[in-house]
Chemist: 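So that we are looking at the same thing, I have put the structure below in structure tokens.
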Amino acid sequence: GMRTSHTTKTIKYSNRRRGTNTTAKQIEVVTLPHHLLLNYPLDAPAFLDQLRWWPSNSPVTTTVHVYTFARADDTTNRSVVDVAIDLVADNLLPTGGATIQQVNRKEELNSLGCQVTVKEVRDVAPGKAVLCVSFRATRVLIKHMQGDFL
């Protein structure tokens, strides 16, 4: 299983209705793992939408490593690397348009602080490869996935 640690922080704030009394409120802070591996290439990208439930108040920014199959796409002039990144982006941030596919989304992810990198793992068939797409699951990305676009 995944190892996380839970800590409780006590935050003091003033209660204006009662003058200067200070009240302590406890909030739970979850420390997430430094790395998350999704190493089932057939389906791993499909689980990425679950990161929308990832706590955004962790002191750790997790690096996610997604293993996936990809093949170059001549119709959009994309390499296997570009296709793999777009597959990850489409599962993290669906565009909702079935008619026009957004391509070359690496910069979009990087604008959210993801620092996307790709490693080609192996060829599995002519023109088909297993790649590992890695990215940082930043607070900005998680908030964006939750619909907070600010």
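Below, all heavy atoms of this structure are taken into account, side chains as well, without hydrogens, waters or symmetry copies. The structure presented is a predicted model; accordingly, all values stated were derived computationally and were not measured.
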Chemist: Should Phe135 and Val103 be regarded as members of a common hydrophobic cluster, given that ILVMFWY residues are connected when their side-chain heavy atoms come within less than 4.5 Å of each other, either directly or indirectly?
Modeler: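 Different hydrophobic clusters.
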Chemist: In this structure, are over 12 heavy atoms from other groups packed under 6.0 Å from Asp43 atom CG?
Modeler: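 Yes.
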Chemist: Check the hydrophobic clustering (I, L, V, M, F, W, Y; side-chain heavy atoms under 4.5 Å; chains of links allowed) and say if Trp54 and Leu92 are grouped together.
Modeler: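 Result: yes, single cluster for both.
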Chemist: Which of these, Lys119, His65, Gln115, sits in a side chain to side chain donor-acceptor pair (under 3.5 Å) with Ser134?
Modeler: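 Testing Ser134 for a side chain to side chain donor-acceptor pair (under 3.5 Å) against Lys119, His65, Gln115 leaves exactly one candidate, His65.
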Chemist: When you group the ILVMFWY residues by side-chain heavy-atom contacts below 4.5 Å and let the links chain together, are Leu42 and Tyr67 in the same group?
Modeler: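 Same cluster: Tyr67 reaches Leu42 through Ile, Leu, Val, Met, Phe, Trp or Tyr contacts under 4.5 Å.
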Chemist: What distance separates Gln146 CD from Arg52 CZ, expressed to the nearest 0.5 Å?
Modeler: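 It comes to 8.0 Å.
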Chemist: Look up atom CZ in Phe47 and atom CG in Leu36, then write down how far apart they are to the nearest 0.5 Å.
Modeler: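 With rounding to 0.5 Å, CZ (Phe47) is 11.5 Å from CG (Leu36).
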Chemist: Which pair of heavy atoms, one from Thr61 and one from Ala137, lies closest together, and at what distance?
Modeler: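 Scanning both residues, the minimum pair turns out to be CG2-O, 3.7 Å.
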Chemist: Looking at OG1 of Thr63 and CG of Leu32, how far apart are the two atoms once the value is rounded to the nearest 0.5 Å?
Modeler: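 If we round to the nearest 0.5 Å, Thr63:OG1 and Leu32:CG are 11.5 Å apart.
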Chemist: Can you see which heavy atom on His144 is nearest to which on Leu93, and at what distance?
Modeler: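 That closest heavy-atom pairing would be CD2-CD2, 3.7 Å.
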Chemist: Quick check against the 3.5 Å criterion: does Ser56 have a side-chain atom that pairs as donor or acceptor with the backbone of Arg139?
Modeler: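 Here the side-chain-to-backbone pair does not exist.
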Chemist: Considering all heavy atoms of both residues, which atom of Val80 and which atom of Ala70 are nearest to each other, and what is their separation?
Modeler: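 Reported closest heavy-atom pair: O-CB, 3.7 Å.
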Chemist: Okay, side chain of Thr138, backbone of Leu112: is any donor-acceptor separation there less than 3.5 Å?
Modeler: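 At least one qualifying donor-acceptor pair exists.
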Chemist: Measure across Met145 and Leu48 and return the closest heavy-atom pair with its distance rounded to 0.1 Å.
Modeler: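 Answer, listing the atom of Met145 first, then Leu48: CE-O, 3.5 Å.
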Chemist: Using side-chain contact (heavy atoms from CB on, under 4.5 Å) as the criterion, point out the one residue from Val88, Asn110, Val116, Thr95 that pairs with Arg105.
Modeler: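 That would be Thr95.
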Chemist: Checking the side chain of Asn91 only, and the main-chain atoms of Asp49 only, is there a donor and an acceptor separated by less than 3.5 Å?
Modeler: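 It does not hold such a pair.
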Chemist: Would Val83 and Val133 show up in the same hydrophobic cluster when neighbours are defined by side-chain heavy atoms closer than 4.5 Å?
Modeler: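 They do not share one cluster, since no chain of ILVMFWY contacts under 4.5 Å joins Val83 to Val133.
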Chemist: Side-chain heavy atoms nearer than 4.5 Å, only ILVMFWY residues, links allowed to pass through others: does that put Val121 and Leu131 together?
Modeler: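 Not linked; separate clusters.
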Chemist: Would you please name every residue forming a salt bridge (charged side-chain N to carboxylate O under 4.0 Å, His left out) with Asp73, sequence neighbours left out?
Modeler: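 Asp73 satisfies salt bridge (charged side-chain N to carboxylate O under 4.0 Å, His left out) with Arg78 once adjacent residues are dropped.
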Chemist: Is there a side-chain contact (heavy atoms from CB on, under 4.5 Å) between Val118 and Lys106? Walk through the geometry before answering.
Modeler: CA-CA 11 Å; Val118 181; Lys106 180 178 181 178; over 6 Å; no
Chemist: Please report the shortest heavy-atom distance between Ala84 and Thr68, naming the atom on each side.
Modeler: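 Closest approach of Ala84 to Thr68: CB-CG2, 4.1 Å.
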Chemist: Let me confirm one number: the CG-CD1 distance from Asp90 to Ile85, rounded to the nearest 0.5 Å.
Modeler: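 The distance works out to 11.5 Å.
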Chemist: Nearest 0.5 Å, please: how far is CZ in Arg136 from OG1 in Thr117?
Modeler: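 Between atom OG1 of Thr117 and atom CZ of Arg136 there are 11.5 Å.
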Chemist: Taking Thr62 for the side chain and Val64 for the main chain, is one N or O donor matched with an acceptor at less than 3.5 Å?
Modeler: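 No, Thr62 side chain to Val64 backbone: no donor-acceptor pair under 3.5 Å.
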Chemist: Sub-3.5 Å donor-acceptor pair from the side chain of Arg122 to the main-chain atoms of Val130, do we have one?
Modeler: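 No, the answer is negative, given that no donor and acceptor are paired below the 3.5 Å cut-off.
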Chemist: Return the minimal non-hydrogen interatomic distance between Leu109 and Ala89, and the atom names on each side.
Modeler: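 It is CD1-CB, 3.9 Å.
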Chemist: Looking at Asn104 and Asp82, would you say the former's side chain and the latter's main chain have a donor-acceptor pair under 3.5 Å?
Modeler: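 Judged by distance alone, no pair lies under 3.5 Å.
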